[in-house]
Amino acid sequence: DTEVTQTPKHLVMGMTNKKSLKCEQHMGHRAMYWYKQKAKKPPELMFVYSYEKLSINESVPSRFSPECPNSSLLNLHLHALQPEDSALYLCASSLNSGANVLTFGAGSRLTVL
Amino acid sequence: GENVEQHPSTLSVQEGDSAVIKCTYSDSASNYFPWYKQELGKRPQLIIDIRSNVGEKKDQRIAVTLNKTAKHFSLHITETQPEDSAVYFCAASSARGSTLGRLYFGRGTQLTVWP
């Protein structure tokens with residue numbers, strides 16, 4: 001398996017909802033990432049997990065809460081989001097955080113009403 | 001931290017022509033330079049990458065060159081085809097402690113190949 005799988009593909013939520021994005025890989029990668037991407041812009045790093053521990057938080061608002069239950073899974077819990085949080089959320093993984101070569105998932109398209 | 005500049009922001013070429021996209025970086029510790037292609041509504045996909053111990057790398061119609069002294073690297077696509085139309089992002093990263101795990105992206109180039 002050489003893929004990063006993200007669910008759901010599309011999500012629409014109100015500002016008071018709580019939802020989660022899920023990411024899974026079975027390549028034995030020990031670093032996993034959440035990126036946010038707006039239209040026609042490059043991906044922006046949000047969080048990095050290395051060996052299931054949070055190693056980078058790019059000053060992301062607390063309404064985004066990451067979780068890494070095990071080496072294959074990465075979640076992003078969403079609560080009280082704002083319309084400007086609407087974006088494509090990309091999960092990625094790499095062998096380790098120093099290995100650089102990222103494999104991206106197809107993304108979850110989030111719309112906040 | 002690292003700053004990656006990418007030019008041009010848009011590029012239109014006729015099918016069969018060559019396309020060149022250029023990037024500069026600021027951190028001399030950067031040692032890995034990938035290029036990603038992102039088609040509309042799709043994920044970024046790695047198309048080629050180069051490490052700082054190599055000056056040039058080629059894969060069929062795609063090549064990347066790196067000039068460490070000048071801190072710039074370029075993507076060259078020859079014999080362009082309409083399916084090459086996409087946004088291309090350059091990026092840079094290093095294994096230095098403070099930047100470990102960070103991939104710094106350029107702003108992207110929208111390449112359009114006209115048949």
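Letters go in sequence order (proteins before strands), and every chain restarts at 1.
Atom NE2 of A/H29 sits about 13.0 Å away from atom OG of A/S50, to the nearest 0.5 Å. Here B/I77 contributes atom CD1 and B/D17 contributes atom CG; the two are 12.0 Å apart, rounded to the nearest 0.5 Å. Interatomic distance, CZ of A/R30 versus NZ of A/K53, reported as 11.5 Å (0.5 Å rounding).
Of the two parts of B/Q6, neither the backbone nor the side chain holds a non-hydrogen atom closer than 4.5 Å to a non-hydrogen atom of chain A. For chain A, the nearby parts of B/P44 are the backbone and the side chain; heavy atoms of each come within less than 4.5 Å. For A/E58, the part sitting under 4.5 Å from any heavy atom of chain B is the side chain, from C-beta outward, and nothing else.
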Apply salt bridge (Lys or Arg N to Asp or Glu O under 4.0 Å) to A/K38 and A/E44, showing your working.
CA-CA 9 Å; A/K38 292 276 203 177; A/E44 296 174 33; over 6 Å; no

In sequence, state the C-alpha distance, the side-chain angles, and the governing distance for B/Y88 and B/I47, and then conclude on side-chain contact (heavy atoms from CB on, under 4.5 Å).
CA-CA 9 Å; B/Y88 290 80; B/I47 55 170; 3.7 Å; yes

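Between the side chains of B/E2 and B/S26, a donor-acceptor pair is found at a separation under 3.5 Å.
B/F89 and B/F105 have perpendicular rings, their planes meeting at more than 60° on a 0 to 90° scale where under 30° would count as parallel. In this pair, B/Y25 and B/F33 present their aromatic rings tilted. The plane angle is within the 30 to 60° band.
Across every non-hydrogen atom of A/T103 and A/V4, the tightest pair is O-CG2, 3.5 Å. In this structure, A/S93 and A/M27 approach most closely via the heavy-atom pair OG-CE, 3.5 Å.
Of all residues spanning residues 105-113 of chain A, those with a heavy atom less than 4.5 Å away from chain B's heavy atoms are A/G105, A/A106, arranged by number. Using a 4.5 Å cut-off between non-hydrogen atoms, no part of residues 6-22 of chain A approaches chain B. Listed by sequence position, the residues of residues 73-83 of chain A in contact with chain B number zero, using a 4.5 angstrom heavy-atom cutoff.
Between B/F73 and B/W35, the distance from one ring center to the other falls under 6.0 angstrom. Taking the six-membered ring for Trp, A/F104 and B/Y36 have ring centres closer than 6.0 Å.
Within 6.0 Å of CD on B/E79 lie no more than 12 heavy atoms contributed by other residues, nucleotides or ligands.
Residues A/L54 and A/W34 fall within the same hydrophobic cluster, defined by Ile, Leu, Val, Met, Phe, Trp and Tyr side chains chained together at heavy-atom separations under 4.5 Å.
Within the structure, every pair that satisfies the salt bridge (charged side-chain N to carboxylate O under 4.0 Å, His left out) test and touches residues 58-75 of chain B, not counting sequence neighbours, is listed here: B/R61-B/D84.
The choice from A/P43, A/A31, A/A39 that makes the most heavy-atom pairs within less than 4.5 Å of chain B is A/P43.
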